[in-house]
> 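My structure is below; once you've seen it, I'll send some questions.
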Amino acid sequence: MTTLIAVGAQWGDEGKGKIVDWLAPKAELVVRFHGGNNAGHTLVVDGEQTVLHVVPAGVLDPKTVNLIGPGVVVDPDILLEELDALTERGVLRDPSRVRVSGRAHVILEWHRSLDKAREELAKGRAIGTTGRGIGPAYEDKVTRRGIRVADLLDPAGLREAIDRLAEQKNFELTEYYKWQPVDVDAIHRRAVEWGRRLEPYVDHTERTLERALRDGRNVLFEGAQGNFLDIDHGTYPYVTSSNCVAGAVCAGAGIGPTRIDRVLGITKAYTTRVGGGPFPTEEKGERGEELRRLGGEFGATTGRPRRCGWLDAVMLREAATVNGYTALAVNKLDVLSELDEVLIATAYTVDGKRTEEFPMTLGEIERAVPIYESHPGWTGDLTGCRRFEDLPQTARDYVDRVQALAGVPVELISVGPGRDETISRTEPFRA
Ligand code: GDP
Ligand code: IMO
Ligand code: MG
């Protein structure tokens, strides 16, 4: 039995969905443990693309059971839409393959409204959220007034809980933000319907997880976002509202730290970011445009163009420390083919001083000027490579250098969006 956590090492969109889909057939369970439908995880199998926002990326494997843990915030409309689409395609034949924790908190309309109203008011200082209500939903959870998935199954109690919250939310929306109020009766009607439709999927997911561990099965945890969007370890306040680091698995899924075996950090061969906030290696001009075009860097959730820049080894080292990576996956290596030169930041200059450590404060991160080393590019289409030895020598040298700079072995290399376009150098679930 091996437990493996797969988490983003950058600002999200590293290709976690692709890697989780590739790993899933080896696992009994795939478990999401934080975040919500701010995530957009893209899977490509036999040329067919699936984008998942809430359902874990193990769902395309017919045998894997997919858990949505208590640490996730669930927008029932989005979850049901995904379940319906998967059922219609014949991918999901049995509700027992997707289990939703009754303890997960529910995203309601007022969360989305507040998210958008706050961003609009913040103007130039906006975080650039996905507008999916993630922050406001976690706020209600932490202030202990949220509504949980299990509450949807109790129509009588639900009315009271919704009424209690609605009064405050509509006051805030209309009086402070001058925003449209939400229709409380309509929310209640929909919430009852959600409960009816989600009931076959609701579960005590910690028990299911415990059974799999006791039976000695492989379990895969699927992170969303990435280390630098983590509420504590990211570029605060330009972050999401949950912990995205590997350690968040323990609370968000309900597993003890003593039972975690391996942590896979997932990075692109370069860097992207969606939304506001500092990005030391960002290329704002033509080179950034070129990376965006070559990598098809447009958001899977909001369609926004992703900001693009070079790989940042300062960030990778920081993420490796905070998450305890045992291995790295380097994705989208194919995208860098045909560039004359590929850069990696190995250190920063901050206020005239050289540092190899990721700075503590937002101001320092904003003022960080990367110190680059230059690598010769490589040519040719890498998407057909299946062994490390198949890669051009300069591409191999690049991967070896990433491994040395991060101090973590690169065990997986992705050379295309397709499930099979993957190079594996060892057995990821080995004990
Ligand atoms: P996630 O949020 O971490 O799951 O990543 P996204 O799905 O948001 O973004 C990654 C994008 O890159 C998706 O469009 C993937 O299909 C694509 N992708 C993943 N790995 C590779 C790769 O190795 N090469 C190329 N060209 N595309 C990839
Ligand atoms: P996946 O799982 C990239 C970013 C938003 C914004 C900030 C806060 O696909 O990698 P939020 O809506 O969470 O309050 O927005 O976080 N963000 C992501 N960026 N990938 C994601 O998820 C993201 N989820 C949130 O763009 O900057
Ligand atoms: Mg994504």
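All residue numbers in this chain count up from 1 along the given sequence. Every number for a ligand or one of its atoms is a count from 1 in the order of the listing.
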> Does only the side chain of Val239 get under 4.0 Å from ligand 2, or the backbone, or both, or neither? Count heavy atoms.
backbone
> Once you restrict to heavy atoms under 4.0 Å, what part of Arg132 touches ligand 2? Side chain, backbone, both or neither.
neither
> Say whether Lys18, considering both its backbone and side-chain N or O atoms, lies within less than 3.5 Å of an N or O atom on ligand 1.
no
> What part of Trp11 sits under 4.0 Å from ligand 2 if we count only heavy atoms: the side chain, the backbone, both or neither?
backbone
> If I apply the N/O under 3.5 Å rule, does Asn38 come out as touching ligand 2?
yes
> Test of understanding: with side chain to side chain donor-acceptor pair (under 3.5 Å), list the residues that count as partners of Ser241, not counting sequence neighbours.
none
> Test of understanding: given a 4.0 Å heavy-atom threshold, classify the contact between Gln225 and ligand 1 as side chain, backbone, both, or neither.
neither
> Answer yes or no: does an N/O atom from Ser241 fall short of 3.5 Å to an N/O atom of ligand 2?
no
> Could you tell me whether some N/O pair between Gly40 and ligand 1 is separated by less than 3.5 angstrom?
yes
> Would you mind listing which atoms of ligand 1 come within a distance below 4.0 Å of any non-hydrogen atom of His41?
1 (P), 2 (O), 4 (O), 7 (O)
> Between Asp13 and ligand 1, does any nitrogen or oxygen pair lie at a separation below 3.5 Å?
yes
> Which of the atoms in ligand 1, numbered in the order shown and given with their element, are less than 4.0 Å from a heavy-atom of Ser414?
20 (N), 21 (C), 22 (C), 23 (O)
> Counting only nitrogen or oxygen atoms and a 3.5 angstrom limit, does Gly17 reach ligand 1?
yes
> May I ask you to check if ligand 2 and Gly40 share an N or O to N or O distance below 3.5 Å?
yes
> Taking the minimum heavy-atom distance to atom 22 (O) of ligand 2, which of Gln225, His41, Gln10, His53 ranks first?
Gln225
> Which of the atoms of ligand 1 are close to Gly416, meaning less than 4.0 Å from one of its heavy atoms?
20 (N), 21 (C), 22 (C), 23 (O), 24 (N), 25 (C)
> Pick, from Val73, Leu229, Val274, Thr240, the option with the minimum heavy-atom distance to atom 17 (N) of ligand 2.
Leu229
> So if I count the atoms of ligand 1 from 1 in the order they appear, which ones are less than 4.0 Å from some heavy atom of Val335?
26 (N)
> Under 4.0 Å, counting heavy atoms only: does Gly12 come that close to any atom of ligand 1?
no
> Mind listing the protein N/O/S atoms less than 2.8 Å away from the Mg ion (ligand 3)? Waters don't count.
Asp13 OD1, Gly40 O
> Any N or O on Thr42 sitting closer than 3.5 Å to an N or O of ligand 1?
yes
> Would you mind finding which of Arg306, Lys268, Arg419, Lys16 brings a heavy atom closest to atom 9 (O) of ligand 1?
Arg306
